[in-house]
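Shown next, in structure tokens, is the structure this report addresses.
Because the structure is predicted, anything quoted here is derived from the model rather than measured.
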Amino acid sequence: MRRPFRSGPPPAVPAPAPGNLPAELNRFVGRDDELAALTRLLGESRLVTVVGVGGVGKTRLALKAAEALKKRYCDGIWLAELSALRDPELLEHALVEALGLTDHSSRPTRQVLAGQLATRQLLLVIDGFEQLVEACAVMVRELLRRAPELRVLAVGRRPLRVDGELVFSLAPMTETDAVRLFTERAAAVSPGPLVPSADARSAAVRELCRRLDGIPLALELAAGRLHVLSVEQILDRVGDRFRVLTDGRRGAPPRHQTLRTAIGWSHELCTPAERLLWARLSVFAGPFDLEAAEYVCGGPELPDEEVLDVLAELISQSLVVREETPAGTRYRMLDTVRAYGAEWLEALEDTERMRRRHRDWYMGLATWYELDWFSPRQAEVAAGTESALPNLRAALELCLENPEEAHLGQHLAGTLWFYWAGCGRLTEGRHWLGRALALDTPYDESRLKALWVLGYVAVLQGDSTAAMGALHECREEAARTGNALARAYAVHRLGCQALLTDDMPRAERLLRSALDMYRELGELNSNVLMAQVELAMTLVFQGDLEAAVALCEEVREICEDSGERWARAYALYVLAYAAWTRDAHTEARPLVAESITIHHGFNDLVGLVLAVELMALVTASEGDPAEAAVLQGAASRLWESVGPPLFGSGFFGAPRALCERRASEALGTERYAAYEGEGLGLSMGAAVARAIAERRPAAAVPHQQPEASRPTRRTRKPAGSPTARGGEAAG
């Protein structure tokens, strides 16, 4: 759903792919009068809702009008596609995602939305909200009340009924525009004359457009048949079927009957194999790839090896859309077509079986993605999981519908830890983990995994109470049931919690204990590498730079061998911090710059904001207080989406405090505030570009170690040496 329609210049560094509008949304034809009228309404009201029958072209008109007004909104035009959403509780998460406001805090998501939008001037296009109309109306009302510069353009089949709403009812196309649309689509499907006579062609096309009431979806379905039928033949078949394939409900609007007839007529022209695949594909909640279609939809009646050919026929008839995405080639159905297929699937009494096959595929996909996260395919895994998110949500919903299958939901929510923690999805991850764990199930492997993942997510959100509760429960039950791996993960994340709350001796003890358990179990993955990096952090903060660097160099070597990049970014952060501590600024800058680039690519805001703050300190130490102040401001804006600034940690906060002191002393309070304000106004992409930009070296400032991270008197020991067991570390 995250799909920025207009977001300014592209970022200067690799970033999560913003995605493009679906191809069919850009194929706007005609309707100049409607476009002018809608554009005028958008200038008169903060909320305009475009309503009309499915397939009438509401979304295309709305996006064309939004594009015409792009210069009015300095913060851009953003599209939130809600048609695949069914759970009202996910509406807030979907809007956060669509607006690029990824938030890691434990604050209510609605509060995050309102706070982030309070001072922004943007147009939010909400498409496909009808199944969530009540929740969407409440949300829009509150956002408009709390964000005075926000404008909303809603697109659906009925109004939101919010005070101040202007409703724009979109009628079918005029004959002129309908003929123009059909002719353009026909030329793409079947180049050359449609019928021998130009006069006959014109008359036949006009009659077909009249019979289809100028509904764009119906016209495109008809044009999709021109590779096998002439216009005359299509016209004959439309006439034959209008009396049979209607909505079937007394009092239904004529246009709705016409659209249903057009889709039903297209269905009648499909072969039995095409109809079967159409029905089965309706189980997908979002984009899917060929392998998913073959597994979910294949079977005795439709062998796996035939799915591709049948799918190609559905694409040629405009029943399925093919898209090129950052995750590769994907397919999806238009919503109205999907809904029609779902009715046939229900009529076949095959819905539940297909939903389970769908769930099984995406549970398997999540399992493979978890394994591939520790590999050179890490970036592909991130893109693939992002693309599969609507279908993963549908799989989670099915798991949680039946208490007897709750363990499957716990397993799936826990398996996606790499996505929740590594790709900026903490809030949604906590939503699913909380729902899954609220169901009463035995303390088996699935529940224990969901517990430590929930604890991990809560740690990264700065929610100590929730984190400690989940992790202690996991550790105790893992010890009771003999699950050594779950116990190791729980101890590991308790160590991470101690690290973020400045209890360095306890953090070191727990992390060493977890690493020893991982070694005994033969566990090696991104989590294990992160435990080693977190141990290195405790050592850096306690002044043991040599041991910390040794640990992180080992992590970096493993990452180079395995292709792992996410844990590598955190190791680079520690190495850069150690280099800065030694006044090796020229060594620190490229290390932290690479860390920033990797974190931004994965949308890991926790790692990103820490690295930007370290870059600010390096910049100040290099003698550029103005640029350091700008980066401080940029980091402050990022913290708004992460959680409690610096997690309340004196150790993690010390670099910022020192940077602020140095820069403000050099610039003066007023100039420092002005430069910091400049940074506060930077978007994430602009802030990252600013942070990693190459600079000429200036006169370095003599090193002064942050107060909270000055070495304490302690006994030095090798980084990997075991600690005495007992108490909390041993669990």
> Is there side-chain contact between V321 and I315, with at least one heavy-atom pair below 4.5 Å?
Replying inline: no
>> Would you call the rings of Y456 and W417 parallel, tilted or perpendicular, taking 30° and 60° as the class edges?
In response: tilted
>> Rounded at 0.5 Å granularity, tell me how far CG in L389 sits from CD in E428.
In response: 5.0 Å
> Are E323 and T329 linked by a side-chain donor-acceptor pair shorter than 3.5 Å?
Replying inline: no
>> Hydrogens and angles aside, do N525 and Y518 bring a side-chain donor and acceptor to less than 3.5 Å of each other?
In response: no
> Does any N or O in the side chain of Q131 come within less than 3.5 Å of the main-chain N or O of L85, such that one atom is a donor and the other an acceptor?
Replying inline: yes
> If we ignore angles and hydrogens, is there a donor and acceptor under 3.5 Å between the side chains of E523 and Y489?
Replying inline: yes
> side-chain hydrogen bond (donor to acceptor under 3.5 Å, both in side chains) between T325 and R330: does it pass, once the steps are laid out?
Replying inline: CA-CA 7 Å; T325 75; R330 292 294 185 269; 4.9 Å; no
> If only atom types and distance count, is the side chain of S387 paired as donor or acceptor with the main-chain N or O of A383 below 3.5 Å?
Replying inline: no
> Below 6.0 angstrom between ring centroids: does that apply to Y570 and H599?
Replying inline: yes
> What is the distance from atom CG of L281 to atom CG of L314, rounded to the nearest 0.5 Å?
Replying inline: 6.5 Å
>> Before you tell me yes or no, could you show the steps for E560 and R568 under side chain to side chain contact (heavy atoms under 4.5 Å, CB included), namely the whole-Å CA-CA distance, both residues' side-chain angles and the distance that decides it to 0.1 Å?
In response: CA-CA 9 Å; E560 289 173 356; R568 173 187 173 89; 3.5 Å; yes
>> Measuring only between side-chain heavy atoms, which start at C-beta, is P88 closer than 4.5 Å to L132?
In response: yes
>> For E305, is the CD atom crowded, meaning more than 12 foreign heavy atoms sit under 6.0 Å from it?
In response: yes
>> Please evaluate residues T427 and V457 with respect to the criterion side chain to side chain contact (heavy atoms under 4.5 Å, CB included), reporting the C-alpha separation (whole Å), side-chain torsions for both, the decisive distance (0.1 Å), and the verdict.
In response: CA-CA 8 Å; T427 305; V457 167; over 6 Å; no
>> Taking the side chain as everything from C-beta on, heavy atoms only, tell me whether R425 gets closer than 4.5 Å to E97.
In response: yes
>> One thing to verify: whether R475 and E477 come together as a salt bridge, which I'm taking to mean a side-chain N less than 4.0 angstrom from a carboxylate O.
In response: no
> Nearest heavy-atom pair of L426 and A421: which atoms, and what distance?
Replying inline: CD2-CA, 3.8 Å
> What is the minimum heavy-atom distance between A488 and L521, and which atoms define it?
Replying inline: CB-CD1, 4.5 Å
> Closest approach of V606 and L460, non-hydrogen atoms and distance?
Replying inline: CG2-O, 4.1 Å
>> Any salt bridge linking E640 with R637? Criterion: basic side-chain nitrogen under 4.0 Å from a carboxylate oxygen.
In response: no
>> Tell me if a side-chain donor or acceptor on E564 pairs with a main-chain N or O of F374 at a distance below 3.5 Å.
In response: no
>> Working note: W432 + L400, criterion side chain to side chain contact (heavy atoms under 4.5 Å, CB included); need CA distance, chi angles, decisive distance, verdict.
In response: CA-CA 9 Å; W432 290 113; L400 300 179; 4.0 Å; yes
>> Can you list everything that forms a side-chain hydrogen bond (donor to acceptor under 3.5 Å, both in side chains) with R338? Sequence neighbours excluded, please.
In response: none
>> Give me the atom names and distance for the closest heavy-atom approach of Q532 to L551.
In response: NE2-O, 3.2 Å
>> Once rounded to the nearest 0.5 Å, what's the spacing between atom CG of D127 and atom CG of L63?
In response: 7.0 Å
>> A side-chain contact here means heavy atoms from C-beta on lying under 4.5 Å apart; do E594 and V592 qualify?
In response: no
> Any side-chain donor-acceptor pair under 3.5 Å between N391 and H358?
Replying inline: yes
>> Could you check whether any side-chain N or O of W278 sits under 3.5 Å from a backbone N or O of V337, counting only pairs where one atom can act as donor and the other as acceptor?
In response: yes
> Does R430 come within less than 4.0 Å of D463, counting only side-chain N to carboxylate O?
Replying inline: yes
> Atom CG of L511 and atom CE of M537: how far apart are they, to the nearest 0.5 Å?
Replying inline: 10.5 Å
> Has the side chain of Q116 got a donor or acceptor atom that lies under 3.5 Å from a matching backbone atom of V96?
Replying inline: no
> For L535, does its backbone N or O pair with a side-chain atom of T538 as donor and acceptor, under 3.5 Å?
Replying inline: yes
> Does some side-chain heavy atom of Q378 sit less than 4.5 Å from a side-chain heavy atom of W566?
Replying inline: yes
> Quick one: do E89 and R435 make a salt bridge, cutoff under 4.0 Å?
Replying inline: no
> Would you say the ring centroid of W373 lies under 6.0 angstrom from that of F602?
Replying inline: yes
> Can you check salt bridge (charged side-chain N to carboxylate O under 4.0 Å, His left out) on E401 and R355, steps first, answer last?
Replying inline: CA-CA 12 Å; E401 283 179 7; R355 289 184 71 196; 3.0 Å; yes
> Is there a donor-acceptor pair under 3.5 Å between the side chain of S595 and the backbone N or O of A569?
Replying inline: yes
> Do side-chain atoms of E534 reach the backbone of C496 as a donor and acceptor pair under 3.5 angstrom?
Replying inline: no
> Side chains of Y419 and Y369: does their closest heavy-atom pair fall under 4.5 Å?
Replying inline: no
>> Show the nearest heavy-atom pair for residues L277 and V307, with the distance to one decimal.
In response: CD2-O, 4.0 Å
> Considering only heavy atoms from C-beta outward, does the side chain of L439 approach that of L437 to under 4.5 Å?
Replying inline: no
> How far does CG of L408 sit from CE of M363, to the nearest 0.5 angstrom?
Replying inline: 4.5 Å
> Under a 4.0 Å N-O cut-off, is there an ion pair linking E405 with R356?
Replying inline: yes
>> Checking the side chain of R332 only, and the main-chain atoms of P287 only, is there a donor and an acceptor separated by less than 3.5 Å?
In response: no
> Should Q497 and S464 be marked as a side chain to side chain contact (heavy atoms under 4.5 Å, CB included) after you check the CA-CA gap, both sets of side-chain angles, and the distance that decides it?
Replying inline: CA-CA 7 Å; Q497 172 67 18; S464 298; 2.6 Å; yes
> Taking the side chain from R357 and the backbone from V296, do they hold a donor-acceptor pair closer than 3.5 Å?
Replying inline: yes
> Going by atom types only, do W361 and E291 share a side-chain donor-acceptor pair under 3.5 Å?
Replying inline: no
>> To check you understand the geometry: which heavy-atom pair defines the closest contact between V609 and A635, and what is its length?
In response: CG2-O, 3.6 Å
>> Once rounded to the nearest 0.5 Å, what's the spacing between atom CG of L124 and atom CD1 of I126?
In response: 4.5 Å
> Would a 4.5 Å heavy-atom cut-off, applied to side chains only, mark C474 and K449 as touching?
Replying inline: no
